Structures are given as C-alpha cells and as structure tokens.
2 protein chains.
Amino acid sequence: MLCLGLLGQRAAAQQIASPDGQLKLDFVLQAGGVPTYSFTYKGRPVIKPSRLGLVLKEGPDLASGFAVAGTSTRSFDETWQPVWGEVKNIRNHYNELTVRLTQAATKRAMVLHFRVFDDGLGFRYEFPKQPALEYFTVKEEATQFALAGDHKAFWLPGDYDTQEYSTVTSKLSEVRGLMKAATTPNASQTPFSPTGLQTPLMLKSADGLYINLHEAALLDYSTLSLELDDKNMVLNAHLTPDALGDKGHLQTPCLSPWRTVIVSDRAGAILESKLVLNLNEPTKYPDVSWIKPIKYVGVWWEMITGKSTWAYTNASNIKLDSLDYRQVKPNGMHAANTAHVKEYIDFAAQHHLDAVLVEGWNTGWEDWFGQGKDYVFDFVTPYPDFDVPELHRYAASKGVKIIMHHETSSSVRNYERHMEQAYQFMNDNGYDAVKSGYVGNILPRGEHHYGQWLNNHYLYAITEAARHHIMVNAHEAVRPTGLARTYPNLIGNEAARGTEYEAFGGNNADHTTILPFTRLIGGPMDYTPGIFQTRISAYNPSNKSFVHSTLARQLALYVTMYSPLQMAADLPETYNKHLDAFQFIEDVAVDWDDTKVLEAEPGDYITIARKAKGKNDWFVGSTCDENGRTSTISLGFLDSGKTYLATIYADGKHAHYEKNPQAYAIRKLSVTRNTRLTQYCAPGGGYAISLVVK
Amino acid sequence: MLCLGLLGQRAAAQQIASPDGQLKLDFVLQAGGVPTYSFTYKGRPVIKPSRLGLVLKEGPDLASGFAVAGTSTRSFDETWQPVWGEVKNIRNHYNELTVRLTQAATKRAMVLHFRVFDDGLGFRYEFPKQPALEYFTVKEEATQFALAGDHKAFWLPGDYDTQEYSTVTSKLSEVRGLMKAATTPNASQTPFSPTGLQTPLMLKSADGLYINLHEAALLDYSTLSLELDDKNMVLNAHLTPDALGDKGHLQTPCLSPWRTVIVSDRAGAILESKLVLNLNEPTKYPDVSWIKPIKYVGVWWEMITGKSTWAYTNASNIKLDSLDYRQVKPNGMHAANTAHVKEYIDFAAQHHLDAVLVEGWNTGWEDWFGQGKDYVFDFVTPYPDFDVPELHRYAASKGVKIIMHHETSSSVRNYERHMEQAYQFMNDNGYDAVKSGYVGNILPRGEHHYGQWLNNHYLYAITEAARHHIMVNAHEAVRPTGLARTYPNLIGNEAARGTEYEAFGGNNADHTTILPFTRLIGGPMDYTPGIFQTRISAYNPSNKSFVHSTLARQLALYVTMYSPLQMAADLPETYNKHLDAFQFIEDVAVDWDDTKVLEAEPGDYITIARKAKGKNDWFVGSTCDENGRTSTISLGFLDSGKTYLATIYADGKHAHYEKNPQAYAIRKLSVTRNTRLTQYCAPGGGYAISLVVK
C-alpha cells in the first residue's frame, strides 16, 4: 500500500513523529541560521540538539546563514518483498519532514529530509541543481549526534581502511584510554583519532535505551566515521579523505547517504529493524531470478590455518608476465588442485550444499600481498594443477557450483582492467558468484578502502557483475549500508573481524553476541561459521590459536548471523567425524520468510528463530558470551495446531569455548507452539534447533 | 649487421669511447664507493664527474658503499628500419660498458650500462633479481649532470603536469630570475622548484658545443625532470612523485629508463640524432601493416578559435546518465554535425588527404573541464546531430577515414573503464586512429601527468589500442622518449605548446626553431601547422590572438616538424582562398626515406630537406625566428644527372609574422644537385620547397 499525503506546508513547529507517535524529530534553525535537529523516544532524549550541514573546501560553509524557505511533510507506507532476506515482507512506514533551506549570502539552497519510523530516524542532505552550487568539495560533514549521556558503547577504532578490530565494550568516556590497545595490527589500517569510532555504533544508555548509529545508501560519497567529543558526549561526523585529504567531490543535483538512528527500549528491536534497508532504493534490476542464496564449503580454512597454501610454489618476487609456472618447483602444499577440489565437490554434493569456493586457483599468490604490486593477478590464469574445464564439468555433473575468487590485493586499477575478461571467464566456465578481496593498502596510493573513490569502485564491481549475472561477496570492502536492496547481487561482505581471526589469535567469546547489533545492521556478513575442529593446531601444529566458541554455538551462528551466503567453513575430513552435528548445517535454510528475535542483549546473548523460505520449518540459534547462561524461550511462533520434531544441538554438560569446545549433545523431542524450552549455554556456547512439522 | 664482441673484462681504466673515438665516457668509483661518470666530446668536457645512484624510501641508498664486482664492454652495430620515420635506415652503433656494483653492507647489486654512440651517451640502471632487493620505493634518483659551464639553455619550467610553456632562452644562471614569468597558467600545472627544468633540455656551451639532455624508454618509471644547482651548474635528477610523494615503485628485475646526452659541435647533428630511438627496443608487434602515416584536416581549429563549440548546448552542470540531449536546446554553434563534417570529408577527398579528425562529436562537452568530474564522457554516445553510421558510410565512399577523439578530461579511471568498448566502437565504425586528451588535473587526485601511475596508463592505452589495430595520438600525455620504436602505433603526441596556443595569446616567433631541438628529440609532435588565416579575429571577433608565423612558414613546418601525423589545421573555407599555397600541403609527404639538415641553430633557424618514402620527390622546409634572415642552401642531396622542378613557397617581399603574415610568393624553377638557392625569410617566416623529378 502506497500512501502519500502532504500533511502541511511550512509547519510552525517543524516537528514530526513516528507513525506510532513514540519517536519525535524536531528541526530548529538556531541563531545565525544554523540548522539543528533533536530526536526523542517516548519522551526521552536520544539525540540532543545537534548541528547539521557541510563544511566546504572552497567558499562559505553549508552549515550556517540559512533561512527556512519552506517545509513539507508526508507519510509513506508500503510493504515490499526483498529478493532474499530475513522476512518475506518488509514494511516501509514513516513520516517525512522536508526542510528547504536557502543561504541568502550565497544564493545557495540545501534541503534536509527527515524520515521518522517506529524504529528510528533517517536524515540526509539534498543539494538541488542550482547555478550557485554545481560542483563542490567537502572538507567535512558538520553533522552531529549529541548524546544524552555517557552511554555504554560497543565500538571499533575509527579507521579509513579496516573494520577488522575486536569490538570494545566500554563507556564512551573510557574510549580515549582504551583506544591504543584496541587498535590491533591489520594489513591496511589508518586510524585517525584517539576518539574516532566506526559505524554501525551500538550504544546503550543508563536508562535502558538501545541506540544504533549508522548510515544507509552510501553511494558516491565517502564513508562516515564518528569523532567523539568526550567532554560533551557529542559524536561528530568524520568522513574518509582522499589522497589529498578532501572528503567528497559532489555535483548537483545530489544526495548524501542517510544518517540513521535506530532506537528502542528493547534490544531485539534493533535486530529486527529494517530501517537501513528501507532507506535504500528498490532494485532497478529488471530480472533478479539469477540471484540465489548459497550454502557452500570451500578450499579456504586449510590455508587460513596454515595447513596448506594459496601459492603453488615457495618462490618470492615473481612477475606474472615472465614466469612459466611449469618450470617452477611446486611446494607440495597447494590446496587448489584438481583432485582435492573434487573432494570438496563430492562432499558438497553428498550434503546438498550449493557450491564450493576455491581460493588460490590462479597464478600470482607467491608474493601477492603487502608489496604495492600493480600487476598482481590476472584473474583468468589457473595454476598448472587446477584444471578449469574439468572441474567445471565435474562440478556440473554433481549439481554443484564453484565460487570464483578474485583477490585484488587492493590493486584496484589492475582489477578494473581485468574485470570484464574475468567476469566473462566466469560466464564461460560456469561460475555465478565471486568472492572478491581487498587485502592491503589501496592502489592508487593515498586512497583509502572507505573513501569515495573506492566506494565508487565497489559499486562498479557489483553493477558490472550484474551485467554478467554474477553475485558478489566482497571482503575488505566498505561495510554495507543496505545497498543490497538496490543491488541484490551483493550477497555478502566481510568488513568486520570474521571467523578467520580465530586462526589469527582468536575473537572474543562475546563477538557473535555483538556483531548482529553492529556490523550486520548494514547488511549480511560472510562470517564463515561452522568450525568444528576449534584447535587450529590440529591442522597446523605451529598455530596455537583456537576458536573462541563451542561446536554447538558454531551451528547457532547459521541462524543468528543472518546471511544469504553461508559457509560451512571447516574441512570435510572434520565434518565427516561429526556428521550428526553437521546435519544441522545441511538442514538449515539460507533464506527466510520470517524472523523472531527471542532474546537479545548486546555483548551477552542473542536467540533468534527463523522460518525457512517457502516452508514450514523453523530454525533457532542462540549465542552467548564467555559467561554462559540458561536460555528460556517460548515456541509461540510455531503454527497453532501443528506438532514439530525439534532437534536440539546443544552444548554438552561441561562444554567450554576454550577447555571443552567439542562437547555437544543432540536430542530430539516433539514440540508445539505452547512449548517452553530451557537450554543451558556453555561459556562461549549456544545452541541450534531445527523444527520440522511432523 | 649485428656485431657483438666482448672487448674486455674488468677494464682497468673503465673508459669507453664512441665508435669514432671522439666521445669518451669514464666511470670512476670514488671514495666511499660512490659511483660517478664523466663524459667528453673531442677532449672537451660535456659532463664533469657526476654522481650516480638512487635514494630509497626504506633502507640504505643505492648511491654509495659500492664495490666494482666486474666490468665488461661490447660493441654493437646494427641497421634497422622503422615502421615510419625520417629515414629509411637507422644505424644503431655504440660501444657499451657494463659495470656490476655490489654493496657489501646490504648484499645488494646494481648494474650500470653506458652506451657511447658517435652522437652521444645513454646510461641506465639495472636492478637484477636478488634476495636483498625485491621491491623498493624510490625517494629520488641521485643521477647528476655536472655541466662544464654556465651554458645557454632552451628551457621550460620543471612541472609534474604540463610542458605547455613557452621556451625561455637564457643562461642557466638566469633561470632562477626568469622562472616566475616563465610559469604561465595552464589547466593543470605543478611547478616544483625555482630552478626546476624539463627535458629534453637543449644547451649550448660558450665554446660551441650543442648538448641535449633527455631520457629514452620511459617505461614503468616516473618522468625525469632536472633540478638546477645554479651555483655549481649541476643538474640533479628530479623524478615525478605520486600522491604520497614517492617517486617510483619497482620490483626486481627491472631497468630504469636511459638517461641521454646528445652532443655535437654542429647543431644539425642534434636534429639528426637517432640515439633516443636506438635506446628503445625493437617492436614486438608481429604485424605493423595497419600502422600508416596520416595527413588530415579536422573539426578542431574552429573550436579552438571560438568560432564554434565542442558542446551541443550552452547548458552547464550536466550529468551524462540523466540528460536527454533531445530535450535540451542546441546552441547552434556545434561544429561536429553531420552536414558540416561531410564538408570536411569532401575537402579531404578533393585534396587527397587521408582523414578528418572530429572533436566534440560525443556527449559531455557542456562541462567537461576543470571540475574533477569522474564520469565525464562515455566515448561512444554521439550528440544527436552527429550520425555515426552515415558519416562512416559517407567517408568510406570518399576514401577518407574519420579520426576518433577521446578527451578524457584526465579522468583516467573513467577512460580505462570505457576503453575496451570505445576501441570496439571504433572498430565497428571504421575508425583506425584516435586523438586522446588529458586536459586538467589527473583523477585519481594527487597523481600527476608525468608520474609512474600515468606513464603506466598511457602505455596501457597504446597497447590496448594495438590489440584493436588502432593508432594513438595522445595529447597532454607525457612527452615521448622514443617509445614509438617499440610501440609504433603511438603515431603522435602533443606534450608541448602546440599551434593551439596561437589562438590563446600566441607562441613566440622562434618557437618552431627550438621545438625540434627540445620536444621532438623524444618523438613526433602533432603540432597542427597549416594556419593560413593568422588573425584569429577573422573567425572570432573577440579573439585578438594571432599566429606568430607567416603563411609560408606554416608550410615549412610540414618538413621541419617531423611527424607521421600531420594536420592541415585551418578551415577548408580558408584553404579554398589559397589553393595555390595549399598545393604544398597536398603534395608534401608524411613518411620519408631520407633527411638532411641543411641549416640549424636553435632559436634562430632550421632548414631541412626530406626525401618522400619510396619516391624521388624531395621537400624542403625552413623556419626562422623573429628577426628574419637569408637562407642559402645547396641542393647537393638531389640525385645526380636528374633535373627537378622546384616549387618554392616563400615569404612575400614585405612579409612579417605580425604585420603582413599572408604575403607569400610561389615560384617554379628547374634545379639540379648543383643548384644553390638563396631565399629570404621574413621575420617569423620561412619557406617550403617541393622538388619533383622532371
């Protein structure tokens, strides 16, 4: 239902409320023509009066000297169906205030759009086409988020190049003291301030408000970070600069991304919010039938752990255009060889998985990283032991797809130069999805992973892929902002500390109780769960890392960490030792008709139930922190009058993420919507349940 | 003839001489293991002892601490045929000294190659593949050229982005005082020092030595400029930085470009030198039959003068992806319309010219420049009034080609994204040559026109074009360094102040007596001569510029400014008023079997005779400075026993580049190889002669 109505012209109060009346947005033009806004939830301040505007590189700022030329409001209510998602139907229901500002001294106009939903606020800047403002360079965005207190924050160090940090949980006032320790090493990193923070930023006020700050529809603009003024508890917008330090190059007419504030007094409402998706545009793809969720295994974890290698040889300092790999001695540890890949294909076929990711299939891995190497990969030349046509034939005969891998080493020009040929190579050889990677510092030098230049590139890679009917799962790219609504072939992103870090020293045991409140607010993450052998040394004796999770919790993540692209990340040889537990991975859906958040508290626990797409089956996942807990849930979401067979994959009695991770117990019982379940979760543990109508 | 010989191992003297024994190169490892060289001509110092090496960003420099691990010499003598050129056969004859250096403290090796020809010196650095030196970043090149005196110099301000400056003629000691005035405005410019100079740098010593400094084979390296130490008259290498200020990113094994010193006591020998071409590699193109010299007219000068426009409308601030040109009001001044282009095609066909360049044919010209606009052109969409298929058909029916135009506005990523499609569009529509342009500051921001990043791009554009059998004429790209030997589809470059500046305030009257000694040392220039209507106001009353040349001298430039791509730059309507003079342009060759420099003095005059490819016809051109002169030449280059009809296109009696430019006189006479001709050249004038066997 589409409901458009002009509620009022030049409203005196310049206030709008959410459809349910609980959230209120006030716009006030303060002395000096300074635009400000404030935002309340059930009468409690969420954002205190905060400045709006932009500081420009040339000419007067767009942050003061304004008059209100007019205001208008409208209501909007529509329900739409995502190509893939957590629910079948998404309601987009908001009231909008539009404020048209003019700056008399410069004859420039700027428009503010505020949309107030029942679950939060989105606002953006519009710069209409006008003679006095055609091209401009952003020095900084002046947007503020003045908080109402020294909230508890779940934060990452602000950085122009990576989000692969462990989340720190602290009061905002403690950020400065914790920043140095929080800024752990990464292959490419540019922290910018002792109080710089990334979005999505999850906050909890002392009086129990859950607040999430992020952005939506980040298109042709640089990525938002937040600079904390820790005296006043004000978060100031901090955009990612280009090589010259400028923060955006715009041409009117244009729009900024939406700045988003999701708020509730119930933590689960943050997880249920579709505000970020709703603030993105519907897809313009005329055909989306080729976009399909994927469950996959991959030739990957064995390299991550150090058991085998991406590279075919142990050479260093190679040049693609002058090396004949047939003349070089193989190192004997190269995983992406034809015979071994067939084992993965066999496993996938046997367990009804859709696809096999293969990394390290193409030439160049000998010195791919950290060298600022321009011509690092060509994306079409396999190593001598990887037979592309034969694997295409073999996989097709088994009904399995191979997922392409394009590591760019952040040599972005090189990737774009080869992109058309690389995508065509995929079309020619039966690949319909690609995992891309952006490890290391960006080439061209001086640009950052989160700058406007790169954001433009990531979108180019997605839209070019769409022309080839290819799905994209981009790692080390910018964190998502709901763009998958518009470009639904963007089926995955990394942009956070994924499971790989469990082999690089470990993730905190509460990591997966936080990510859905932070990173996942913008879109799905290819977190690559499913590690059953949590001692990395089992694969590589020299690697002392371990997965900070019980085996049962690894299963829960297929439900709690929503993604249309889910990996079973461990090795088939390991899964074959635990086929009873693997059954959950085989059974769990990757696309959903409905989702219920049953329990949630950021940093402590999350329990979610989801209904499989087009089926009556439900799946439940629960993850908790290092303390363990007992979860009690009602199965009231089940259909009335039906009995379900519940298979519960739970932590064993003495399970513990470090000391006893592989202790699990599987039990089956009949349940109905009247059933209440109580389930122990070990420290760093959790549980998974499949519910099938009997 | 190929003659290779190992003349000596570890020569005690480490000196080599040119094949004729007149030029001597000395290599000396000075105290502290500092490599140095010096260079003499007939016993007179050209380069006094000068340092060699590189300063690196990380780790010890490659400029001292060396020991000589070995030396070797060889002789080389070969004659080769260029795909196009000034002569049919080019002799590549030199003695080479190779010095292998090792740096004990770092276990690194570096190799120096010196080649001494009869006309000068080339030397380069080689960095062999080695464990202790795999990837490195150049902070600066330490190469010096210590001059023997305060020479007269023909110089341009050193700049990372443009060579479109008027040449200043002064003593080196006067550079500093003249720099500010010399640094005239340009669409993109980054001067770097009050004593920075560009190459090719032409020098003349007080005792009459002509010295030219440049580089050859600039590949995957940043462009060389020279920083003058005006106390000691030492020129220090100064490379072009990237956005971070670094000056080169190298991976061993690799080679620097050659640093070149051409020297003679006869100015004409500088013009005759093929040293820069000889230091480039032979072409690897298996087929060069598609590469052909071109004489052309173009829809261009009328826009340069302001008579008409590139843009179809007078709109500003347009976006390619949202503008429907059929809805926008045309400005009525758009030159590249189908009917008008047909007039050019008719003219070309009538006068046996090969092609018509058409600029402003494609959408986007409304605000193409100076905005840092990323998606500025798509290179395939014509304006509504330009009918690509019809013009293809019409031109083909007349035996005329249309030359494509790709202005990139320096939005280099955008060009690369569209390049394959743009070249394919050319193939599909009968275009076999493209003029490309790089006006304005480079995108990605912070990179420079002459940096390694862009040098890599220009070559990419050339090699990708070669795959499509397309010839490239790149404007505002890096000045050439002889690469056309290796990549002969690079048939033209601008990279200097071309004829267009005659409509932008004017070039100095001596400009064309200097360019062959400077800019043209690296390769041909698309100078676009042939302006008969030297008062720009005749086309655009508001433009008060005038061409600083007589009409007769405009004809001479087709001979003196060697290029396989020669434009008749004026308008057909003007040529139709002077068809007697235009006959020379119609007749003159664009490819040559032989060339003789008859008279030459940089800044004063140049007279050159050339023999047309595969014919007995000769053409002579003479250009002089603002003072005028009388030229006396012998026709001894003609075949003995033959009589030739000479048609002499000379300045009229009172001709003057400013006051009376269009006064010319054409006379015919019979001549033989025994004829001596004496011809008056007006101030800013010259003459042209065609010589046809009777």
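Fair warning: this is a prediction, and the values are worked out from it, not measured in the lab. Throughout, protein chains are lettered first and strands after them, A, B, ... in sequence-line order, and every chain is numbered starting at 1.
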Next item on the list: May I ask you to name which of A:Arg413, A:Glu420, A:Gln251, A:Lys129 has the most heavy-atom pairs under 4.5 Å with chain B?
Entry: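 Most heavy-atom pairs within the cutoff with chain B belong to A:Arg413.
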Notebook entry, point to check: Looking at A:Thr252, A:Asp246, A:Asp220, which one has more heavy-atom pairs under 4.5 Å with chain B than the rest?
Noted result: A:Thr252
Check: For atom CD of B:Gln424, is the number of surrounding heavy atoms from other residues, nucleotides or ligands below 6.0 Å larger than 12?
Finding: yes
Check: Just how far is it from atom CG of B:Asn456 to atom OH of A:Tyr375, taken to the nearest 0.5 Å?
Finding: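 Those atoms lie 12.0 Å apart.
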Margin query: Within this structure, what is the CH2-CZ distance for the pair A:Trp453 and B:Arg445, rounded to the nearest 0.5 Å?
Written below: 8.0 Å
Checklist line | Residue part contacting chain B, namely of A:Pro253, when any heavy atom lies under 4.5 Å | finding: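 Both parts, backbone and side chain.
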Next item on the list: Sort A:Glu416 into side chain, backbone, both or neither according to what part of it lies under 4.5 angstrom from a heavy atom of chain B.
Entry: side chain
Check: Which atoms of B:Thr137 come close to chain A, meaning under 4.5 Å heavy atom to heavy atom: side chain ones, backbone ones, both, or neither?
Finding: neither
Next item on the list: Any chance you could lay out the side chain to side chain contact (heavy atoms under 4.5 Å, CB included) test for A:His457 and B:Arg417, step after step, and finish with the verdict?
Entry: CA-CA 11 Å; A:His457 163 79; B:Arg417 284 181 178 177; 4.1 Å; yes
Item checked: Residues of residues 365-373 of chain B contacting chain A, heavy-atom criterion under 4.5 Å, by residue number -> B:Asp367, B:Gln371, B:Lys373
Check: So which bits of residues 313-326 of chain B come within less than 4.5 Å of chain A, counting non-hydrogen atoms only?
Finding: B:Ser316, B:Asn317, B:Ile318, B:Lys319
